[in-house]
Chemist: 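Sharing a structure here in structure tokens format.
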Amino acid sequence: MSVVDLNKETAVGHDSHGHHDEHEHHELNFIRKYIFSEDHKVIGKQFLITGLLWAVIGGALSMIFRLQLGLPEASLGWLKPILGHWITSDNKLDPEFYLAAVTMHGTIMVFFVLTAGLSGTFSNFLIPLQIGARDMASGFMNMLSYWFFFVSSVIMFFSLFIETGPAGGGWVIYPPLSALPQAIPGSGLGMTLWLVSMALFIISSLLGGINYITTVINLRTKGMTFDRLPLTIWAFFLTAIIGVLSFPVLFAAALLLIFDRSFGTSFYLSDIYIGGQALDHVGGSPILFQHLFWFLGHPEVYIVLLPALGITSEIISTNSRKPIFGYKAMIGSMIGITFLSFIVWAHHMFVTGMNPFLGSIFMFLTLIIAVPSAVKAFNYITTLWKGNIIFTPAMLFSIGLVSVFITGGVTGIILGNAALDIQLHDTYFVVAHFHLVMGSASFFGFMAGVYHWFPKMFGKMLDEKLGYIHFWLTFAGVYLVFFPMHYQGITGFPRRYYSYTAYEMFGGAYQDLAFFISIAAFITFAGQFIFGFNFFYSIFKGRPATLNPWNSNTLEWTTPIHPEHGNWPGEIPTVYRWAYDYSKPGAEEDFIPQHIPLTETLSSNLPHETDALNGIKITPTH
Amino acid sequence: MSTKNELTLNKVESPLSMHPKKFALWIFIVTVIMLFAAWTSGYIVRKAEGNWLNFELPYMMYYSTAVLLLSSVTMHWAYVSAKRDNLDSIKIALLVTSFLGLMFLVFQIFSFNELVSNNVWFGGKKSNPSGSFLYVLSGMHGLHIVGGIVFLLITLFFASKKEIHAKNTLLIEMCTTFWHFLDGLWLYLFLFLLLNR
Ligand code: HEM
Ligand SMILES: [Cu+2]
């Protein structure tokens with residue numbers, strides 16, 4: 001086995017058939033530097049920009065269906081220039097397009113924004129910088145990962161514009177709805193493109209995930225042991241492990257669906273009659289698809305959430321000027337969540353007629369997840385407790401995350417009870433649950449990360465005032481939008497319905513609520529453009545960043561303001577301590593970065609650190 | 001920055017590490033395992049629901065299995081030759097292994113023919129998931145074998161440029177790992193299919 005020289009540019013240099021020529025990256029042309037780049041920082045930014053563009057599209061789709069839900073009587077003729085034939089002749093939204101919009105909104109937000117946008121951006125950008133590596137284990141694979149994502153994006157985007165419309169069977173694409181073009185128009189070409197796009201997407205995330213895991217395990221700098229890793233890295237690492245174990249299963253499920261759709265097999269289809277005519281498909285099981293899908297689907301929600309939790313740990317500790325409370329407990333609960341996320345999937349299937357005994361086992365396992373989740377929530381709060389809190393926009397978004405995570409998590413416990421879920425399944429209650437605990441929490445983590453690491457990414461600062469406005473609008477917004485949905489759900493309004501004639505039965509009372517939600521959603525969406533402006537304006541005209549603007553401990557702040565490919569101009573720093581030495585008693589400043597040796601901090605060393613030093617004869621080096 | 005002295009004084013440990021490429025290959029193998037784990041568990045779930053066509057595995061598959069097992073032996077021969085700097089036999093062994101891999105694929109196609117003549121179809125009116133699963137499992141494994149053969153040929157290419165020898169075994173080690181894995185994967189699938197008729 002060959003040994004990796006951590007101080008060298010190419011840990012992959014031994015390889016004879018590699019596509020690398022990393023020694024020659026000094027004078028790269030524009031294309032190699034910004035487009036087909038192998039620099040993890042550039043790739044991270046590519047994911048970021050693409051993810052943000054997707055967020056705008058995904059958000060815009062939700063505006064369209066909120067118009068329909070909140071103002072069902074409105075005349076939507078003015079949308080004709082954008083939506084074309086999806087606005088019917090009496091100026092209404094086409095019901096088929098409503099379904100497609102909901103489907104694409106879900107797909108885009110879950111996969112393209114909060115998986116690729118979030119993990120892609122921050123795992124790429126931060127892993128090498130925070131563990132002290134020159135780059136990812138394989139820059140080439142990393143580049144491929146982005147370009148697979150890009151092609152997948154292009155295909156998904158294209159599918160929005162085809163004649164029969166994009167996929168319309170919901171982001172979970174349950175067959176037979178998604179398998180038969182006779183069922184809805186979206187299950188024709190739109191669904192084919194969806195499947196092709198997602199297959200490429202899965203390849204992209206596997207390439208990324210393999211790289212993240214390999215990098216974290218093999219390329220840490222000297223002294224960066226696992227018990228000194230920042231929690232961000234722990235989170236990205238475990239996220240990658242979940243992805244590598246669960247995405248292949250989605251691939252397996254999708255491939256069987258492709259065979260059913262195009263090759264006449266019957267994995268998921270059976271006994272279907274269309275116009276009195278039996279289809280050829282015999283013997284399939286639609287429940288099998290649900291099992292396979294949710295085996296990915298549930299871990300996927302943690303793929304979306306864990307990076308946001310990791311980012312939050314880092315930001316809350318830095319801006320409370322306190323060590324993170326329960327570092328080991330944080331790691332333990334993340335490992336617990338990772339493990340448990342694979343054995344709870346059937347809580348999405350309580351109403352499929354599963355054996356009630358099996359249901360109670362899944363209920364039990366599901367409720368156990370509340371334990372590590374609660375440990376994390378308590379640890380954030382105890383870290384904040386009596387901290388010297390600095391309310392940067394990033395900090396506000398992190399605290400906001402803790403808030404929505406708790407609010408949404410509590411309803412998870414309700415849904416996890418099979419008996420309650422039979423009433424609540426597929427109602428707005430579920431929509432409220434996951435938009436708070438997953439949608440909002442991860443989005444807040446995403447935003448927190450952008451506000452916090454923007455200086456490292458672009459060498460500029462984001463405007464704080466605009467950041468505050470953005471935060472308060474978003475924070476109030478998500479509660480105003482999603483909280484009322486609990487009530488709609490408890491009343492029994494199903495999700496994914498084009499219109500609710502039952503509102504009349506309730507004397508129209510719930511129509512007011514739907515109207516209210518829609519108005520709140522429009523304002524929240526509009527508020528995001530404040531961020532958009534701030535982001536692009538600051539890249540060019542922002543205040544120049546300082547080296548370590550948040551007085552943070554992690555290694556990325558030891559690089560130059562504009563790090564080149566390779567990150568550190570000289571040697572990579574060695575690590576002597578964990579990442580959370582904030583406000584250490586006896587220290588001169590309220591932070592001690594990870595690369596400061598214990599010999600330089602004699603006054604603040606803890607007893608075991610002093611012992612460790614005294615164990616060896618001291619020969620002063622400074 | 002950090003002198004050696006300071007490193008020992010502050011108890012700096014170097015993190016454990018393996019060659020990153022080799023490590024990445026192992027993780028890739030894990031993803032393939034998950035892929036087939038999904039299908040074989042789908043198979044069990046679906047079978048439990050009844051309406052399951054029972055049929056014998058094609059006779060030809062016993063031969064293809066034997067061929068694939070033999071190819072693992074020749075693969076090992078290539079690996080040992082590399083360790084012993086036996087440049088010529090590396091090439092021969094890799095060539096034989098690729099040939100056996102190809103032969104495996106041909107035998108698999110023969111066994112598909114055998115299935116069809118026994119009225120076991122992949123899709124369409126006459127198909128049953130029990131047959132479709134067999135085609136998917138062996139077909140997807142076959143695709144991975146194609147990938148494995150490409151890997152073998154790349155290794156062969158570098159071996160012929162004399163770039164694989166006792167001091168540079170990374171590539172052939174990875175190739176060996178992957179090929180043995182594909183072999184083991186087929187053994188698993190074959191036994192699984194035999195036992196879950
Ligand atoms: C205390 C922990 C949690 C429990 C007990 C829980 C439980 C559940 C249950 C039982 C459902 C199914 C509801 C139904 O369809 O009838 C559900 C749906 C969902 N949960 Fe959670 N959950 C928890 C935390 C989370 C977290 C942390 C996330 C994401 C980060 C999340 C994301 C989702 C999503 C996306 C859905 C809906 C999927 C869909 O049908 O489209 N949940 N949850
Ligand atoms: Cu779940």
Side-chain angles (χ1 to χ4, degrees), chain A residues 1-4 6 11-12 14-17 137-138 141 206 209-211 213-215 217-220 222-225 244-249 251-253 255-256 259 263-267 280 282-285 288 291-292 295 570-571 573-576 597-599 612-613 616 618-619 621, chain B residues 1-3 5-24 27-28 30-39 41-42 45-46 49-53 121-125 127-130 132-133 135-136 140 154-155 157-158 161 163-164 168-171 173:
Chain A
M1 191 196 299
S2 31
V3 177
V4 182
L6 291 164
V12 278
H14 322 264
D15 153 21
S16 41
H17 84 292
S138 166
M141 259 167 67
L206 290 179
I210 292 177
N211 231 335
I213 299 175
T214 310
T215 309
I217 293 204
N218 295 289
L219 299 186
R220 282 164 292 130
K222 288 198 208 71
M224 184 60 94
T225 47
V244 158
L245 293 176
S246 65
F247 269 119
V249 180
F251 194 87
L255 198 73
L256 298 188
F259 288 146
F263 296 88
T265 56
S266 318
F267 291 106
D280 282 348
V282 193
S285 159
L288 173 62
H291 278 298
L292 290 174
F295 189 85
E571 218 180 303
T574 302
V575 162
Y576 299 97
L598 293 176
T599 42
L613 278 182
I616 311 158
I618 293 190
T619 34
T621 48
Chain B
M1 266 193 74
S2 44
T3 62
N5 203 344
E6 203 174 89
L7 289 182
T8 41
L9 191 57
N10 283 290
K11 286 241 166 122
V12 169
E13 294 155 40
S14 288
L16 90 166
S17 51
M18 182 182 186
H19 192 282
K21 285 230 148 149
K22 235 191 220 171
F23 192 84
I27 307 176
F28 175 69
V30 171
T31 66
V32 180
I33 291 176
M34 286 310 292
L35 191 63
F36 284 90
W39 280 319
S41 19
V45 170
R46 174 57 197 80
E49 292 187 8
N51 185 1
W52 190 255
L53 178 73
W121 300 87
F122 175 53
K125 224 186 191 93
S127 71
N128 179 285
S130 102
S132 310
F133 262 117
Y135 284 104
V136 169
M140 290 312 290
I154 291 172
T155 316
F157 172 75
F158 283 100
K161 281 171 56 184
E163 281 179 22
I164 292 176
N168 189 0
T169 54
L170 176 72
L171 190 61
E173 271 176 41

Chemist: Name the option with the most non-hydrogen atom pairs under 4.5 Å to chain B; the candidates are A:A252, A:G264, A:G570.
Modeler: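 Going by pairs under 4.5 Å, I would pick A:A252.
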Chemist: State, to 0.1 Å, how close A:L219 and B:P20 come at their nearest heavy-atom pair, and which atoms those are.
Modeler: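 What the structure gives for the nearest pair is CD2-CG, 4.3 Å.
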Chemist: Please report the closest heavy-atom contact between B:N51 and A:G283, naming both atoms and the distance.
Modeler: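 Shortest heavy-atom contact: ND2-CA, 3.4 Å.
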Chemist: Between A:T265 and B:Y135, is any pair of side-chain heavy atoms under 4.5 Å apart?
Modeler: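 The answer is no, as the side chains (C-beta and beyond) never meet within the 4.5 Å cut-off.
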Chemist: Under a 4.5 Å heavy-atom cutoff, which of A:F251, A:F267, A:F247, A:F263 has the most pairs with chain B?
Modeler: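 The option with the most such pairs is A:F267.
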Chemist: Is it the side chain or the backbone of B:F133 that comes within 4.5 Å of chain A heavy atoms, both, or neither?
Modeler: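 Contact with chain A is through both the backbone and side chain of B:F133.
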Chemist: Please round to the nearest 0.5 Å and tell me the distance separating atom NZ of B:K21 and atom CE of A:M141.
Modeler: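 Those atoms lie 8.5 Å apart.
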Chemist: For a side chain to side chain contact (heavy atoms under 4.5 Å, CB included) with A:L245, tell me which candidate from B:V30, B:T31, B:I33 qualifies.
Modeler: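 Per the side chain to side chain contact (heavy atoms under 4.5 Å, CB included) rule, the option paired with A:L245 is B:V30, out of B:V30, B:T31, B:I33.
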Chemist: Counting only non-hydrogen atoms closer than 4.5 Å, does A:F295 touch chain B with its backbone (N, CA, C, O), its side chain (CB onward), both, or neither?
Modeler: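 For A:F295, side-chain heavy atoms alone lie under 4.5 Å from chain B.
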Chemist: How close do A:P248 and B:L35 get, heavy atom to heavy atom, and via which atoms?
Modeler: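 So the two residues come closest at O-CD1, 3.2 Å.
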Chemist: Could you tell me which portion of A:L292 (side chain, backbone, both or neither) has an atom closer than 4.5 angstrom to a non-hydrogen atom of chain B?
Modeler: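 For A:L292, side-chain heavy atoms alone lie under 4.5 Å from chain B.
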Chemist: Are B:F28 and A:L206 close enough, and set up right, to give a side chain to side chain contact (heavy atoms under 4.5 Å, CB included), and what steps lead you there?
Modeler: CA-CA 8 Å; B:F28 175 69; A:L206 290 179; over 6 Å; no
Chemist: Quick check: closest heavy atoms across B:M34 and A:V244, and the distance to 0.1 Å?
Modeler: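 For B:M34 versus A:V244, the nearest heavy atoms are CG-O, 4.3 Å.
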Chemist: For each of B:S130, B:S41, B:G124, B:G50, tally heavy-atom pairs with chain A at distances under 4.5 Å, and name the one with the top tally.
Modeler: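 Sorted descending by pairs with chain A, the first entry is B:G124.
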Chemist: Specify the closest pair of heavy atoms between A:S266 and B:S127, including all atoms of both residues, with the distance to one decimal.
Modeler: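 Closest pair (atom of A:S266, atom of B:S127, distance): OG-OG, 4.4 Å.
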Chemist: Hey, does B:M140 have a side-chain heavy atom less than 4.5 Å from the side chain of A:L255?
Modeler: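 Contact flag for A:L255/B:M140 side chains = yes.
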